[in-house]
2 protein chains.
Amino acid sequence: MEDRTSSTPGHSQVTAPRGDLFSPECPTRRLLDRIGTKWVAMIVKTLAETGELRYADLKRRTPGVSAKMLTQTLRGLEDDHLVARRVEPSVPPAVHYSLTPLGHSLDEPLAALREWAETHMPEIDGLSRTG
Amino acid sequence: MEDRTSSTPGHSQVTAPRGDLFSPECPTRRLLDRIGTKWVAMIVKTLAETGELRYADLKRRTPGVSAKMLTQTLRGLEDDHLVARRVEPSVPPAVHYSLTPLGHSLDEPLAALREWAETHMPEIDGLSRTG
DNA sequence: CGGAATCCAAGATGATACTG
DNA sequence: CAGTATCATCTTGGATTCCG
């Protein structure tokens, strides 16, 4: 077990790197550092839609994700209190993940962004080809 | 001069990598790949607020950005028709950047995200420390 | 002024193997 | 089942240098 300040999507600038350039003035940047990681948007959306999922189920609904990345991403979200982890002490153990109220509140602006993407990204791709 | 499929924030999955896993089904992912890059959110916000800026001005208003990243980011945004580039043929040349209507439309959901970040990120940071 | 080209360090991600 | 540990790789971003 080592520290979580290296490659974890969790907080890394929080403890002041050397001269917090725009960290305190730009929480948006830090937020995007998190939701911008490859799997967060997909996971948040999935949890928002399904309510609660087990690790394996969540993995199955996130095509292409590796166990490592899924765990790492969930840890980061947990760390930010956007996702809740519930363990059923059975054998074998069953671990359930769901959005916290804060997580749900994030899903709102995120949903707006999704809608923008679905509306305009095809348009953008079209423009890229036709000039 | 080489292709723009390597490190450019522009389209890289558009030309089908090998088996577009969720590219077509997830424009959100591609959008986040762009706005999630370190400087996009800041640049878009700045342009949204100021209207139009010259390269050097934009650089000055984006603390910490290198010329390389600024150019690269602007190229990507230009490529997506989110930013317009206007050149005044003077000596030395003056290049102006501004948001396109599409860019402004993106700024709306982005602003919502910013507001969420400014509202909740401090709360999150507080929770991280106090448990 | 507004870039482009190159080199390099860091971080993110994936594959694989192992564990309680 | 639900992870953890480790290694290899690919991508990102920054510093530097040079140019029209």
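Within every chain, numbering begins at 1; the chains are lettered A, B, ... in the order of the sequence lines, protein sequences first and strands thereafter.
For the OP1/OP2 pair of dA4(C) and a distance below 4.0 Å, the side-chain nitrogens and oxygens of Y55(B) include no atom meeting the criterion. Remark: K68(A) is not in phosphate contact with dT16(C), judged by side-chain N or O atoms under 4.0 Å from OP1 or OP2. Distances shorter than 4.0 Å separate none of the side-chain N or O atoms of R54(B) from OP1 or OP2 on dG3(C). Between R85(A) and dA2(D), a side-chain N or O to OP1/OP2 separation shorter than 4.0 Å is absent. Note on Y97(B): every side-chain N or O is 4.0 Å or more away from OP1 and OP2 of dC1(C).
Atom CE in M42(A) sits about 11 Å away from atom P in dT13(C), given to the nearest Å. Taking atom CG of D33(A) as the reference point, atom P of dA10(C) lies 18 Å away to the nearest angstrom. Between K38(B) atom NZ and dA9(C) atom P there is a gap of 17 Å when expressed in whole angstrom units. Spacing between atom CE of M69(A) and atom P of dG11(C) amounts to 15 Å, rounded to whole angstrom units. Summarising the geometry, the separation between CG on D57(B) and P on dG2(C) is reported as 8 Å, rounded to the nearest angstrom. Between L74(B) atom CG and dG13(D) atom P the separation is 14 Å, expressed in whole Å. Rounded to whole Å, the distance from CG on L70(A) to P on dT16(C) is 18 Å. In this structure, Q72(A) places its CD atom 11 Å from C1' of dG14(C), rounding to the nearest Å.
Checking dG13(D), dT13(C), dG3(D) against every side-chain atom of V95(A), the shortest atom distance belongs to dG3(D). The T37(A) side chain lies nearest to dT13(C) when the options are dG3(D), dA4(C), dT13(C). Counting only heavy atoms from C-beta on, S66(A) has its side chain closest to dG14(C) among dC1(D), dG14(C), dG3(C). Distance from the side chain of P92(A) is smallest to dC1(D) among dG3(D), dG13(D), dC1(D).
One distance of note links CG of L74(B) with CE of M69(B); it measures 10.5 Å at 0.5 Å rounding. If you take OG1 on T73(A) and CZ on R34(A), they are separated by 13.0 Å, rounding to the nearest 0.5 Å.
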Using the rule given for salt bridge (Lys or Arg N to Asp or Glu O under 4.0 Å), can you reason through R75(B) versus D79(B), listing the C-alpha separation, both sets of side-chain angles and the distance that settles it, and then say yes or no? CA-CA 6 Å; R75(B) 289 286 180 278; D79(B) 204 48; over 6 Å; no
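Of the listed residues (L106(A), L82(A), L99(A)), just one forms a side-chain contact (heavy atoms from CB on, under 4.5 Å) with L77(A), and that residue is L82(A). Each of K59(A), R60(A), R54(A) was scored for a salt bridge (Lys or Arg N to Asp or Glu O under 4.0 Å) with D57(A), with one residue passing: R60(A).
Counting any heavy atom pair closer than 4.0 Å across all strands shown, A67(B) reaches no nucleic acid atom.
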